[in-house]
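Numbering of ligands and ligand atoms starts at 1, following listing order.
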Amino acid sequence: MTEIIRTRLLSKNYGNADVLSSVNMSVQRGEIYGFLGPNGAGKSTLMKILLGLVQPTSGEIELFENRLHFDSRDHLKRIGHLIEIPAFYEKLTAIQNLELHTEYMGYYNKHAIREALEMVQLLGVENKPVKQFSLGMRQRLGIARAISTRPELLLLDEPINGLDPEGIHAMRNLFRRLRDEWGITLLISSHVLTEIEQVADKIGVINNGRLIREVSMETVRASTTDYVEITTSDTVLAAFVLEEKLKINNFRKISDHIIRIYDSGITQEALSKGLIMNDVPIESITRRHHTLEEYFFDMIKGGVEHVPSHQARA
Ligand code: ADP
């Protein structure tokens, strides 16, 4: 897979405020990248930088495998976006709004406009004035406008925010269809995990301008099943015994006293026995369930850390 977006040490300061700090982001062609972080984390700023609306303070960007220069505009033809609440000519119809936009972009194509409206399920109301549209319809029309020029990459800033359950469902289906049928790469920001966990292929977690981790949803799901938590006064020895003696690799050190083991297939009894026989001081061993929310909360706290024994002993 090729990278469609790659940033290296991308930073943005406003005065003394570090809005983005050394962000290394990687978005692969054809994936839905969920850009997750609390309000004010820096998500919109990064999207605006990609669109040339905000100038970074330092760092590099590659888009479509080419180094981006701040004054270059060529890449913009290949990107569609929905960054703010979309503004339309209220008295004009949906189709007239798209015609104006595509003419302005130098890409007027009647067929592409109808396809875009069909994709977002607004065919049937295309001749109604936009002032009659609900928020959900406006969001979808905003996406139709963004895809009417057939971009390869779509940047969507909080596209699900404020929608009702039916609108959210329609949006998720739309994202999947754009990826699967049109081959579009989507970068979708959200401050709510549940909004994007179902559609994202990969999640990038940002907090206070730092991209904490990029992780595939497959990995996240594997880590959110049951786990066994060991409390011990010697996590270094415990990590060594787990890896070298018991041949368990999928564990993480959570704190100075706690190690979590995921998906090992070993019974709790065999685990206790193995640790005790190797002189690991055990205070407790319990089986727990790690929810998706906990997984990301741990990540934001900086607590999720895999410590292979060779590093733990170093
Ligand atoms: P998010 O999209 O994750 O909610 P933003 O990128 O909008 O976050 O904002 C990140 C931080 O940058 C916020 O603290 C915001 O107040 C600040 N910020 C954004 N734009 C400006 C600006 N033009 N001048 C000063 N601070 C800004």
Enquirer: Should Leu98 and Leu117 be marked as a side-chain contact (heavy atoms from CB on, under 4.5 Å) after you check the CA-CA gap, both sets of side-chain angles, and the distance that decides it?
Expert: CA-CA 9 Å; Leu98 295 199; Leu117 286 166; 3.8 Å; yes
Enquirer: Measuring from Leu174:CG to Leu154:CG, what's the distance to the nearest 0.5 Å?
Expert: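 Interatomic distance, Leu174 CG to Leu154 CG, rounded to 0.5 Å: 8.5 Å.
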Enquirer: Between Ile113 and Ile95, does a side-chain contact (heavy atoms from CB on, under 4.5 Å) hold up when you go through it step by step?
Expert: CA-CA 7 Å; Ile113 290 175; Ile95 210 157; 3.9 Å; yes
Enquirer: Heavy atoms only: which of Ala41, Ser44, Ala17 is nearest to atom 7 (O) of ligand 1?
Expert: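 Going through Ala41, Ser44, Ala17 one by one, Ser44 has the nearest heavy atom to atom 7 (O) of ligand 1.
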Enquirer: For ligand 1, note which part of Thr45 has a heavy atom under 4.0 Å away: side chain, backbone, both or neither.
Expert: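 Near ligand 1, Thr45 shows its backbone as well as its side chain.
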Enquirer: Any nitrogen or oxygen of Lys43 lying under 3.5 Å from a nitrogen or oxygen in ligand 1? Just yes or no.
Expert: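 It does: an N or O of Lys43 is found under 3.5 Å from an N or O of ligand 1.
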Enquirer: Flag atom 16 (O) of ligand 1 as yes if some protein heavy-atom distance to it falls below 4.0 Å, otherwise no.
Expert: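 When distances to the protein are checked, atom 16 (O) of ligand 1 has no heavy atom within 4.0 Å.
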Enquirer: Considering residues, nucleotides and ligands other than Arg210, do more than 12 of their heavy atoms fall under 6.0 Å from its CZ?
Expert: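 Open.
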Enquirer: Quick one: are Glu60 and Arg6 in side-chain contact, heavy atoms under 4.5 Å?
Expert: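 Not touching, per the 4.5 Å side-chain cut-off.
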Enquirer: Starting from atom 14 (O) of ligand 1, find the nearest protein heavy-atom neighbour and note its residue, name and distance.
Expert: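 Scanning the protein heavy atoms, the shortest distance from atom 14 (O) of ligand 1 goes to Gly40 O, 4.0 Å.
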Enquirer: Which part of Pro38 is near ligand 1, with near meaning a heavy atom under 4.0 Å away: side chain, backbone, both or neither?
Expert: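 It is the backbone that gets close, since no side chain atom is under 4.0 Å.
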Enquirer: Nearest protein heavy atom to atom 22 (C) of ligand 1: under 4.0 Å?
Expert: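 Protein heavy atoms within 4.0 Å of atom 22 (C) of ligand 1 - there is at least one.
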Enquirer: Taking only residues two or more places apart in sequence or in another chain, which ones pass salt bridge (Lys or Arg N to Asp or Glu O under 4.0 Å) with Glu197?
Expert: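 Once residues adjacent in sequence are excluded, Glu197 has no partner under the salt bridge (Lys or Arg N to Asp or Glu O under 4.0 Å) criterion.
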Enquirer: Tell me, which protein residue and heavy-atom name are nearest atom 26 (N) of ligand 1, and how many Å apart are they?
Expert: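 Answer for atom 26 (N) of ligand 1: Tyr14 CD1, 3.4 Å.
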Enquirer: Using a 4.0 Å cut-off to any heavy atom of Asn39, which atoms of ligand 1 qualify?
Expert: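 Contacts of ligand 1 toward Asn39, numbered from 1: 4 (O).
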Enquirer: Taking side chain to side chain contact (heavy atoms under 4.5 Å, CB included) as the definition, give me every residue that meets it alongside Asn66, ordered by chain and number, with sequence neighbours left out.
Expert: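 Partners of Asn66 by the side chain to side chain contact (heavy atoms under 4.5 Å, CB included) criterion come out as none, since no residue qualifies.
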Enquirer: If you have a sec, work out which protein heavy atom is nearest atom 8 (O) of ligand 1 and how many Å separate them, to one decimal?
Expert: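 Checking every protein heavy atom, the shortest distance to atom 8 (O) of ligand 1 gives Gly42 N, 3.2 Å.
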